[in-house]
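Below is one structure, written out as structure tokens; the observations come after it.
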Amino acid sequence: MRRIVPLLALLLAASPAAAQNWSAELLRLHNAERARWNVAPMAWDLGLALAADRWAAELARTDRWGHSPRQIRAGQGENLWMGSVNAYPVNAMVGAWLNEGRWFRPGVFPAVSRTGNWSDVGHYSQIVSRRSERVGCAIRSNRRWSYLVCRYSPSGNVDGRYLP
């Protein structure tokens, strides 16, 4: 059986302040980008973080990749990131999503990408969506990969809605 290590548990064991800093940094990165669009900041939501943790643990346990079933996250958006274990700081993980901003254009979803493909900006548009008010994230790792899962409520990428 693979050893699954929740980052939050490791941080709590090492230092409760480190765990608080980790979630605070994720929230800061999200809200700094939202501020660029004059979008109200999101609040950290422990319930969303716990739901994200359950899915991140599943990805790490099964060593697979993909979004959680929509029925278990009704009304919630979800961003995923995966990379080599212990190779990336949180700002690089979220930075991958923020880099999609170069292709984002305000508009009615799904017509929000300069490339013509909304999935090129799907993570970014979720982060800057005015609809989303709360976020919760978790990271889980196995021997090879780290998985970052963030959940958003309400979901930001909704057909026919203006973004950001």
Side-chain angles (χ1 to χ4, degrees), residues 7 22-60 62-85 87-141 144-164:
L7 179 62
W22 174 83
S23 59
E25 177 64 3
L26 277 165
L27 185 61
R28 185 195 68 74
L29 291 165
H30 278 75
N31 286 334
E33 194 63 25
R34 291 169 68 85
R36 292 184 61 223
W37 291 95
N38 295 316
V39 174
M42 284 190 278
W44 187 262
D45 186 297
L46 184 57
L48 291 173
L50 292 172
D53 185 61
R54 284 190 295 276
W55 188 246
E58 177 69 10
L59 294 175
T62 61
D63 208 14
R64 73 178 186 92
W65 178 248
H67 283 284
S68 61
R70 288 188 186 266
Q71 62 269 25
I72 70 167
R73 59 179 167 93
Q76 296 175 4
E78 182 176 75
N79 278 353
L80 304 177
W81 178 93
M82 176 183 152
S84 298
V85 69
Y88 298 91
V90 168
N91 64 338
M93 295 174 184
V94 175
W97 299 336
L98 297 179
N99 283 336
E100 295 175 1
R102 64 181 178 237
W103 297 305
F104 177 76
R105 68 169 183 212
V108 176
F109 190 82
V112 293
S113 175
R114 296 180 198 288
T115 68
N117 184 356
W118 75 266
S119 64
D120 291 338
V121 299
H123 303 100
Y124 185 84
S125 58
Q126 174 57 76
I127 289 170
V128 299
S129 171
R130 292 181 195 284
R131 282 180 44 84
S132 297
E133 300 169 349
R134 298 180 317 280
V135 63
C137 305
I139 300 172
R140 290 281 189 129
S141 299
R144 291 181 24 179
W145 305 109
S146 288
Y147 299 87
L148 168 62
V149 177
C150 288
R151 293 277 182 89
Y152 304 85
S153 184
S155 179
N157 292 337
V158 177
D159 284 346
R161 294 289 185 114
Y162 185 83
L163 290 171

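Position 1 is the first residue of the sequence, and the numbers go up from there. Everything numeric in this text was worked out from a predicted model, so none of it was measured.
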Ring pair (Phe, Tyr, Trp, His ring centres under 6.0 Å) contacts touching residues 91-121 (sequence neighbours left out): Trp37-Phe104, Trp97-His123, Phe104-Tyr124, Phe109-Trp118
Donor-acceptor contact present, side-chain Asn157 to main-chain Gly122, <3.5 Å: yes
Check: Gly95 main-chain N/O paired with Asn99 side-chain donor or acceptor under 3.5 Å: yes
Straight-line distance of Cys137 SG to Glu78 CD, nearest 0.5 Å: 10.5 Å
Ile127 CD1 to Leu163 CG distance, which is reported to the nearest 0.5 Å: 12.5 Å
Arg73 (side chain) donor-acceptor with Ser68 (main chain) under 3.5 angstrom: yes
Arg36 atom CZ, over 12 foreign heavy atoms within 6.0 Å: no
Partner set under side-chain contact (heavy atoms from CB on, under 4.5 Å) for Met93, not counting sequence neighbours: Trp81, Tyr88, Ile139, Leu148
From Ser113 atom OG to Glu100 atom CD, the distance as rounded to the nearest 0.5 Å: 9.0 Å
By side-chain contact (heavy atoms from CB on, under 4.5 Å) - contacts of Val85 (at least two apart): Ser141, Ser146
Contact check, side chains of Trp145 and Asp63, non-hydrogen atoms, under 4.5 Å: yes
Donor + acceptor pair across side chains of Asn117, Ser119 (<3.5 Å): yes
Minimum-distance pair of heavy atoms, taken over all atoms of Ala56 and Ala138: CB-O, 4.2 Å
Point-to-point distance, once rounded to the nearest 0.5 Å, from CG of Asn31 to CG of Leu26: 11.0 Å
Trp44 versus Ala49, closest heavy-atom pair with distance: CZ2-CB, 3.8 Å
Pairing residues for Ser132 by the side-chain contact (heavy atoms from CB on, under 4.5 Å) criterion, not counting sequence neighbours: Arg34, Met42, Gln126, Ser129, Tyr152
pair Pro106-Pro164: side-chain heavy atoms closer than 4.5 Å: yes
Arg161 CZ to Ser155 OG distance, which is reported to the nearest 0.5 Å: 10.0 Å
For Arg105, all residues meeting side-chain contact (heavy atoms from CB on, under 4.5 Å), sequence neighbours excluded: Ala111, Arg114
All pairs passing salt bridge (charged side-chain N to carboxylate O under 4.0 Å, His left out) where residues 117-137 contributes a residue, at least two apart: Asp45-Arg134
Separation of Leu59 CG from Arg140 CZ (nearest 0.5 Å): 11.0 Å
